[in-house]
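The structure appears right after this line, and notes come after that.
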Amino acid sequence: MKKKQLVMQILLVSSFVLSACSTSTNDDAIQQGNPFDAFKAEALDTLRVEERRLRLDCLAAEGFPQFRDAMVGYQETQSARDRLPSANLPTGLFLSEDDAQQRGFGESLPASLPKVIVRDASIDEATDICARESWTAIGPDAEKTYNEYVEIQNNLTSALLAVSLDNWNKIVDFTVKCLTDKGYNIRADKNSRYGMTFGIPFGKAERAEPDEPPAVGNFSSRGLPAAPYVPTEQESKLAVEYYKCTVDSGYRDEYVRERVAAATSAIAKYEGQLSELSPQVEALAKSATGAKFGTS
């Protein structure tokens, strides 16, 4: 029999992280509360992490401890809150001059997930068993509730994707001209994160490359730690000028207000489901903490 191979990266969801280093700003719209704070992202994280722990304990009991062993020391750096876009701080805008100077235009790298390769014909059955056992240990309908809550998260995200980009495009057009007038080599590029390219050296988020798995045999890698992005001095200065130009454009607040309005409408649309599921997710997160598989 030809042996089957499983490559497992134990956490399934990834996205960019938009981190903010400063909260001082003169933008009234950005100071508004984020309507998506009503979504219980922290409870969802706890539920996801605890389910994973139970699943890996189960796999160890089934004879595959390498999955659990690979997670030792792993520090997760992404959360459900990170994966839910901020209504009042869109991608491409900074909170303040300090925020622009510290962050620059790049992105930090989240911790990379451990990778385990098992070439064993019985692994499929073990993973199927443990996928069921982990949720059963948490409680009745736990997986169904989790999936329904994630679906709401996806729907909330989609609500922001539907917001018109007219004001964002006006911000970009104004900022390209504004920075060009200040002597910077700026080119419009609607496909880039900031709507333009900057023509200066950028910083880096540096870390080692992950190990490559062999062509045969089993393999285990613990993953890599998060790597903060460090902008160049030129980049930080330009980011501050970029921030000033976006403010001077006059369209920034209106763009944020449109996003906050869309987020508020989305929360209202799913208010019934959130009222029902949020307490359930919080209760399941509590029951999952410290639970053991096979004891429900």
Side-chain angles (χ1 to χ4, degrees), residues 1-15 41-80 82-83 109-154 208-226 277 280-296:
M1 175 186 296
K2 184 178 179 181
K3 290 186 177 181
K4 296 182 180 179
Q5 171 179 312
L6 174 71
V7 180
M8 178 181 263
Q9 281 189 276
I10 304 165
L11 184 60
L12 300 179
V13 186
S14 65
S15 75
E42 291 72 22
L44 190 68
D45 280 332
T46 299
L47 182 53
R48 173 175 52 81
V49 169
E50 291 299 316
E51 184 278 326
R52 181 180 64 198
R53 175 186 60 78
L54 289 163
R55 185 160 31 101
L56 299 185
D57 283 348
C58 176
L59 282 168
E62 292 289 324
F64 299 101
Q66 53 268 62
F67 294 106
R68 184 177 64 188
D69 293 345
M71 292 297 292
V72 174
Y74 174 71
Q75 295 293 320
E76 195 164 321
T77 58
Q78 289 183 304
S79 68
D82 295 323
R83 288 185 283 273
L109 298 174
S112 69
L113 297 166
K115 179 183 288 186
V116 176
I117 296 177
V118 173
R119 295 177 170 97
D120 188 310
S122 64
I123 188 63
D124 286 349
E125 182 179 2
T127 53
D128 289 343
I129 290 171
C130 292
R132 293 192 301 270
E133 290 288 340
S134 61
W135 288 111
T136 299
I138 294 172
D141 295 326
E143 183 177 15
K144 178 175 178 289
T145 301
Y146 174 86
N147 289 334
E148 288 176 351
Y149 210 61
V150 169
E151 184 177 0
I152 293 175
Q153 181 183 31
N154 293 337
E209 293 296 320
D211 295 333
E212 289 296 323
V216 296
N218 296 336
F219 171 79
S220 179
S221 169
R222 289 190 183 276
L224 298 169
L277 292 175
Q280 294 179 28
V281 168
E282 291 180 311
L284 287 170
K286 185 176 181 179
S287 67
T289 303
K292 298 184 182 300
F293 78 92
T295 60
S296 61

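Just so it is clear, the model here is predicted, and its values are computed rather than measured.
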Any chance you could measure [X], atom [atom1], to [Y], atom [atom2], to the nearest 0.5 Å?
{"X": "D141", "Y": "N147", "atom1": "CG", "atom2": "CG", "result": "11.5 Å"}
{"X": "L56", "Y": "D69", "atom1": "CG", "atom2": "CG", "result": "9.5 Å"}
{"X": "E125", "Y": "D120", "atom1": "CD", "atom2": "CG", "result": "11.0 Å"}
{"X": "D45", "Y": "R48", "atom1": "CG", "atom2": "CZ", "result": "4.5 Å"}
{"X": "E148", "Y": "K144", "atom1": "CD", "atom2": "NZ", "result": "3.5 Å"}

Does [X] reach the side chain of [Y], with side-chain heavy atoms less than 4.5 Å apart?
{"X": "I123", "Y": "F67", "answer": "yes"}
{"X": "L277", "Y": "Q280", "answer": "yes"}
{"X": "K292", "Y": "D57", "answer": "no"}

I would like to know whether Y146 and V281 meet side-chain contact (heavy atoms from CB on, under 4.5 Å); could you show each step before the answer? CA-CA 7 Å; Y146 174 86; V281 168; over 6 Å; no
Near E151 CD, under 6.0 Å, is it more than 12 heavy atoms from other residues, nucleotides or ligands?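 No - once you tally the heavy atoms of other residues, nucleotides and ligands closer than 6.0 Å, there are 12 at most.
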Do E51 and R55 sit within salt-bridge range, that is, some charged N less than 4.0 Å from a carboxylate O?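 Judged by the 4.0 Å cut-off on N to carboxylate O distance, E51 and R55 do form a salt bridge.
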Would you say the side-chain atoms of [X] pair up with the backbone N or O of [Y], donor to acceptor, closer than 3.5 Å?
{"X": "S287", "Y": "I138", "value": "yes"}
{"X": "S134", "Y": "L54", "value": "no"}
{"X": "R53", "Y": "T289", "value": "no"}

Working note: L47 + W135, criterion side-chain contact (heavy atoms from CB on, under 4.5 Å); need CA distance, chi angles, decisive distance, verdict. CA-CA 10 Å; L47 182 53; W135 288 111; 4.1 Å; yes
Compare every heavy atom of P114 with every heavy atom of A70, then report the nearest pair and how far apart it is.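 Distance-wise, the nearest heavy atoms are O-CG, 3.5 Å.
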Closest approach of A291 to A137 (non-hydrogen atoms, all atoms of both residues):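 Closest approach of A291 to A137: CB-O, 4.2 Å.
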